[in-house]
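Note sheet for the following structure.
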Protein chains: 2
Amino acid sequence: MSSAAESVPSPVQIQAGAPAGHADAVDRILAVAYELFSHRGVRDVGVNELIERSGVAKATFYRHFPSKDSLVLAFLEQRDRQWTVDAIVSEARRRGATPTEQLLAIFDVFGDWFLREDFEACSFINILLEMGPAHPLGQASIDYLARIRGHVQTLAEEAGLARPEDFARSWHILMKGSIISATEGDMQANKRAQQMAAWLIEHHRS
Amino acid sequence: MSSAAESVPSPVQIQAGAPAGHADAVDRILAVAYELFSHRGVRDVGVNELIERSGVAKATFYRHFPSKDSLVLAFLEQRDRQWTVDAIVSEARRRGATPTEQLLAIFDVFGDWFLREDFEACSFINILLEMGPAHPLGQASIDYLARIRGHVQTLAEEAGLARPEDFARSWHILMKGSIISATEGDMQANKRAQQMAAWLIEHHRS
DNA sequence: AACGAGTAAGACCGGTCTGTCTCTACCTGG
DNA sequence: CCAGGTAGAGACAGACCGGTCTTACTCGTT
C-alpha cells in the first residue's frame, strides 16, 4: 500500500520542482479529493467531478495519478495524516495530562467530532466496507486502521497497562462501534464508549 | 420504510395467488437479491445481473419492483427476518438458559459467523455507510439497526438489568465494533467484545 | 376455441463511469 | 528565439447504469 502511495509525488516535491507560475495541479486535486471523498465516499465521486472542481484538465489528472484508485490511496494517506494523527491523536494527547487521561480524551474528541454537521464517519471504515477487505483499497484501509490501533497501543504502553496489544484491539472496537452509533444519530455514543473504555483500563492495570 | 416494503407482495401472497405452473419470479428475484446484496453490497450489483441470475425478464422485474431501491427495501426486510431474528437472536436464545446467558451468547454466535468464509459484515451497516443516513435506504437501515437494539433491550429487561435502553445502546456499540474488527481480520473480536459485554452487564445489575 | 394475464428475451434510451487522445496556449531554460 | 515540458479544454471510446418498451409465447379460465 505504501508502495502505491510512493508512485504519487508528494506536494513538497511538486512545489520544489514545478514552475512557480501557477498553483500546483496536484495540490488542487488532492484538496478537492479530500473534501469530496471524506464527505461523500469514494464511489459517489467521479473523476469528472474531481477535475471540474479542481480546475484541472483530464490529461493533467491522469498524468499525475495513473488511475482513480491511486488518487484514493493518496487520499487515504492524507486522511491518516490530517485526521488520525493531527485531529484525533494529537488533540487527545493535548487534552490529557497522563497517558490514561489521553486515552479517555479520545472519546471527548469524538464527541466534538460527532456534533459536526458535516460528520461523515471514518473514511477507512467506509472504504473497507464499500470495497471489501480483498480489494487493494480495502487492504489499504485495514493498514491505516492498524495504524490507529498502533497509536492506542503506544498510549497503553505509556500508561503501563497489561497486554497493550489486546488492550488496543478491544479499545478499537469501542472506537469503531461508537462511530457507527453516531452515524445512526446517537450523539451520546462517545460517552457510552468512554464508560466502557474506563472499565477496560481498570481491568488492564497491574 | 415499512410502508415501502408493503408495496412488495409477500412470497406467501404470490404463492397463493399466482398460477402454479412455474416457480414465482418474485421469489427467485428475492433469493438472488439476498445472495448478491448480502455478499457484495447494493451498489456493486446491477439490475441486469439480478435479472440474468434469476432468469427473469426485465419487464417482469419492474412489474413487481418499481425500482431497484424498492428491491433493496425488500431485501432489508428479508435480512431482518433471516439474519437478525432467525440466525442471531433466536440462536442466541437457544444457546443460553437465562436471559443473561442469552445476551452473552450473541457473541458466541458472532464467533461462528465471523469464521464463515463468506462473512461479509452486516448489511444494515454496509448500506447505512454506503448511502448515508439521509438516503431512504440509509434511513431504513437505521430502523432495522434499531430493531436489533430492541431485541437486546428486551433481553436486558428479562434479565432485570437497570436502564435497559442505555444498556442496549452500549451493547450495540460492542456488536457493531466487533463486526468491523472481524472484517479487518480479527477473529477474536467476538471474545474481546464479549468480555467488555460481561462488564457492562455487571454494571447494570441492582 | 378465444381471451387475457403473466412471462422470457432483448432492443433501446439517456445518462454516467473511467480512461485515452487531440489541440492549443503558456512558461521556462538554453 | 526556439524547443520542450506542462497546462487547460474537451471530444471521444467503451462499458455499464437504471429504466422503458416491444415482441412472442405459454398458461388457466371462460
Side-chain angles (χ1 to χ4, degrees), chain A residues 4 7-9 11 13-33 36-37 40-75 127 130-131 135-137, chain B residues 4 7-9 11 13-33 36-37 40-75 127 130-131 135-137:
Chain A
S7 69
V8 177
Q13 290 174 331
I14 287 291
Q15 281 181 338
H22 36 73
D24 294 321
V26 170
D27 289 353
R28 270 178 291 154
I29 295 170
L30 281 174
V32 170
L36 298 184
F37 284 160
R40 287 169 36 201
V42 160
R43 261 183 146 126
D44 208 49
V45 180
V47 172
N48 290 321
E49 184 174 1
L50 284 165
I51 65 167
E52 186 184 351
R53 296 276 288 257
S54 49
V56 150
K58 213 165 193 181
T60 305
F61 177 94
Y62 278 102
R63 189 177 305 122
H64 293 294
F65 301 96
S67 68
K68 181 189 173 184
D69 280 6
S70 79
L71 173 64
V72 177
L73 284 174
F75 156 69
I127 293 178
E130 200 165 7
M131 316 300 288
H135 191 281
L137 295 180
Chain B
S7 71
V8 176
Q13 290 174 329
I14 287 290
Q15 281 180 340
H22 35 77
D24 294 321
V26 170
D27 290 352
R28 270 178 291 152
I29 294 171
L30 281 175
V32 170
L36 297 184
F37 284 160
R40 287 169 36 202
V42 160
R43 263 184 145 123
D44 207 49
V45 180
V47 173
N48 291 318
E49 184 175 359
L50 284 165
I51 64 167
E52 187 184 352
R53 295 274 289 258
S54 51
V56 150
K58 214 166 191 180
T60 305
F61 177 94
Y62 278 101
R63 189 175 307 120
H64 293 293
F65 301 95
S67 68
K68 182 189 173 184
D69 280 6
S70 80
L71 173 63
V72 178
L73 284 174
F75 157 70
I127 293 179
E130 201 165 8
M131 315 302 289
H135 190 281
L137 296 180

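Below, chain A is the first sequence line, B the second, and so on; all start at residue 1.
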- Separation of B:Phe61 atom CZ from D:dC21 atom P, in whole Å? 16 Å

- Task: Could you tell me the separation between the NZ atom of B:Lys58 and the C1' atom of C:dT7, rounded to a whole number of Å?
- Result: 16 Å

- Message: What is the distance, to the nearest angstrom, from the OH atom on B:Tyr62 to the P atom on D:dC17?
- Response: 11 Å

- Message: If you assign each of B:Asp44 and A:Val56 to its closest nucleotide in DNA chain D, which residue comes earlier from the 5' end?
- Response: A:Val56

- Message: In whole Å, I'd like the distance from the CG atom of A:Leu50 to the P atom of C:dT18.
- Response: 8 Å

- Please tell me which of the listed nucleotides, C:dA9, D:dA7, C:dT7, lies nearest to the side chain of B:Ala57? C:dA9

- Starting at atom CD of A:Glu52, determine the distance to atom C1' of C:dT16, rounded to an integer number of angstrom. 14 Å

- Side chain A:Arg40, main chain A:Val45, donor-acceptor under 3.5 Å: no

- Note on the structure: With the side chain defined as heavy atoms from C-beta on, A:His64 is closest, among D:dG19, D:dA7, D:dC21, to D:dA7

- Taking atom P of D:dG8 as reference, at what distance in whole Å does atom CD1 of A:Ile29 sit? 8 Å

- Closer to the 5' end of DNA chain C via nearest nucleotide, is it B:Thr60 or A:Lys68? B:Thr60

- Comparing B:Ser54 with A:Arg43, nearest DNA chain C nucleotide closer to 5' gives the residue B:Ser54

- Query: Do A:His135 and A:Ile127 pass the side-chain contact (heavy atoms from CB on, under 4.5 Å) test, and can you show the C-alpha distance, the side-chain angles, and the key distance before you say yes or no?
  - Reply: CA-CA 10 Å; A:His135 191 281; A:Ile127 293 178; over 6 Å; no

- Message: Show, in sequence, the C-alpha distance, side-chain angles and deciding distance for B:Leu137 and B:Phe75, and conclude whether the side-chain contact (heavy atoms from CB on, under 4.5 Å) test is met.
- Response: CA-CA 11 Å; B:Leu137 296 180; B:Phe75 157 70; over 6 Å; no

- Atom-pair distance (CG on A:Asn48; C1' on D:dA11), nearest Å: 12 Å

- Query: To the side chain of B:Arg63, which of D:dA9, D:dA7, C:dG6 is closest?
  - Reply: C:dG6

- Query: Are side-chain heavy atoms of B:Ile29 and B:Ile51 found at a separation under 4.5 Å?
  - Reply: no

- What nucleotide, of C:dA8, D:dG10, D:dG18, holds the atom closest to the side chain of B:Arg28? C:dA8

- Item | side chain to side chain contact (heavy atoms under 4.5 Å, CB included) partners of B:Arg53, counting only residues at least two apart | B:Val32, B:Leu36, B:Glu49

- Message: Between P on D:dG18 and CG on B:Asp69, what's the gap in Å once rounded to a whole number?
- Response: 10 Å

